[in-house]
Amino acid sequence: MKKVLLVFAILFLSTLVLATAFYPWVLNSSGLEQNVESILLPPGSEHWFGTDTLGRDLFARVLMGGRISLLVGLVGSFLAFVMGFIYGAIAGWSEGIVDRILMRFCDILMAVPSFILVSVMCLSLQLLLPFEDPLTRALIGLCISIAVTHWMSLARVTRGMVLEIKRKPYVEAAISLGGSRVHVMLRHVLPNMLGTLLILVAMQIPTNILYESFMSFIGLGIHPPYTSWGILVREGWKTLSSFPHLILYPSLILFLTVWSFHIILDHLRTKYRI
């Protein structure tokens, strides 16, 4: 049964990624076109998920939202990885007073509720970023906010692994032969911890997707006419009793995406004993 679920999760995510990447050409629709003659149509052969209150195809809108949610999830995780690795590597390699100061600062940030931190960061960045395009400003603000919220756990894991690996004989030999700290870190330490870190980073992707959806749901993320799964759920909530398809399909796709990531990552974590 676990193998069946794993295969389904891989197929679903693969299909979703391809669909979100190429849907404008396949469907001949960007999800932004309005049609007053097709307002609030139920699901059918012409509109698989029906249409919304402005006559826009909901299937195209779900794929547009998936493109944005997946992009924020991936980029946010990558930025968190870069920040966490650099910070944790410096702390682990330095040890002593530097290590204690860096880790205490990390502990202080981890004590702040993550939703409060990401909300304040997201709102501040969208007001301060100099980009004129609202979508670009919102995407960059979301990615940076999510990364700032999640790098601390990666930094702590990186520090612990660096403390362990730096005492290995091959690392001590590289240092005694005159290798610089940066060279030894990139050539000998990072390759031995990269697999574990990548899986930990990937485990943050579904969480980041939920964060993005939540921020857009409360109005601090993506703004119309562009959309994300959080916006679609918010719009569907307003007409839940009359037109349930507006919230059903975005919620279902969001659930299946997060669930598929967890199935795949749980398999990887079990396989590599992380």
Side-chain angles (χ1 to χ4, degrees), residues 72-122 124-125 140-212 258 261-262 264-274:
V72 171
L74 291 170
V75 175
S77 295
F78 174 75
L79 293 178
F81 165 73
V82 173
M83 296 170 62
F85 173 76
I86 294 175
Y87 194 94
I90 293 174
W93 196 273
S94 301
E95 295 189 68
I97 184 65
V98 175
D99 177 35
R100 289 195 292 272
I101 292 174
L102 292 178
M103 286 299 100
R104 294 299 78 75
F105 177 72
C106 186
D107 292 338
I108 292 173
L109 290 181
M110 293 185 71
V112 180
S114 56
F115 276 121
I116 294 178
L117 183 60
V118 73
S119 299
V120 172
M121 283 289 301
C122 189
S124 302
L125 287 172
I140 294 177
L142 281 168
C143 292
I144 295 176
S145 302
I146 290 174
V148 169
T149 306
H150 291 99
W151 67 267
M152 291 84 76
S153 58
L154 289 171
R156 296 184 67 87
V157 173
T158 300
R159 170 187 174 271
M161 297 182 71
V162 168
L163 286 173
E164 179 182 356
I165 295 175
K166 67 181 289 187
R167 294 182 173 86
K168 299 291 184 181
Y170 60 86
V171 175
E172 295 178 349
I175 295 174
S176 64
L177 291 175
S180 65
R181 291 187 175 184
V182 175
H183 173 76
V184 173
M185 180 65 64
L186 296 179
R187 180 67 178 83
H188 299 285
V189 178
L190 179 59
N192 288 282
M193 56 194 294
L194 187 59
T196 300
L197 288 179
L198 287 179
I199 293 178
L200 292 176
V201 169
M203 291 173 64
Q204 290 189 348
I205 295 177
T207 303
N208 293 347
I209 292 174
L210 290 175
Y211 266 89
E212 185 281 323
V258 174
F261 269 111
H262 281 297
I264 295 172
L265 294 172
D266 184 64
H267 171 75
L268 293 176
R269 184 174 55 184
T270 302
K271 182 177 180 180
Y272 294 102
R273 299 178 181 178
I274 295 176

Let me confirm one number: the [atom1]-[atom2] distance from [X] to [Y], rounded to the nearest 0.5 Å.
| X | Y | atom1 | atom2 | value |
| --- | --- | --- | --- | --- |
| L163 | S94 | CG | OG | 10.0 Å |
| L194 | I199 | CG | CD1 | 10.0 Å |
| F261 | D266 | CZ | CG | 14.5 Å |
| N192 | K168 | CG | NZ | 9.0 Å |
| M185 | I90 | CE | CD1 | 8.5 Å |

Can you confirm whether [X] sits close enough to [Y] that some side-chain heavy atom of one is under 4.5 Å from a side-chain heavy atom of the other?
| X | Y | result |
| --- | --- | --- |
| M103 | Y87 | yes |
| I209 | V72 | no |
| T149 | M121 | no |
| M193 | V162 | yes |
| P206 | L265 | yes |
| M83 | V148 | yes |
| L154 | Q204 | yes |

Can you give me the closest heavy-atom contact between [X] and [Y], atom names plus distance?
| X | Y | result |
| --- | --- | --- |
| S145 | G141 | OG-O, 2.6 Å |
| T158 | G88 | CG2-C, 3.9 Å |
| G73 | I205 | O-CG1, 4.0 Å |
| A80 | A147 | N-CB, 3.7 Å |
| M203 | T207 | O-OG1, 4.0 Å |
| K166 | W93 | NZ-O, 2.9 Å |

Can you name the side-chain hydrogen bond (donor to acceptor under 3.5 Å, both in side chains) partners of [X], sequence neighbours left out?
| X | value |
| --- | --- |
| S124 | none |
| S77 | N208 |
| D107 | R104, R156 |

* Before giving the answer on side chain to side chain contact (heavy atoms under 4.5 Å, CB included), spell out for V171 and I165 the whole-Å C-alpha distance, their side-chain angles and the decisive distance to 0.1 Å. => CA-CA 7 Å; V171 175; I165 295 175; 4.0 Å; yes
* Parallel, tilted or perpendicular: ring planes of F81 versus F85, cut at 30 and 60 degrees -> parallel
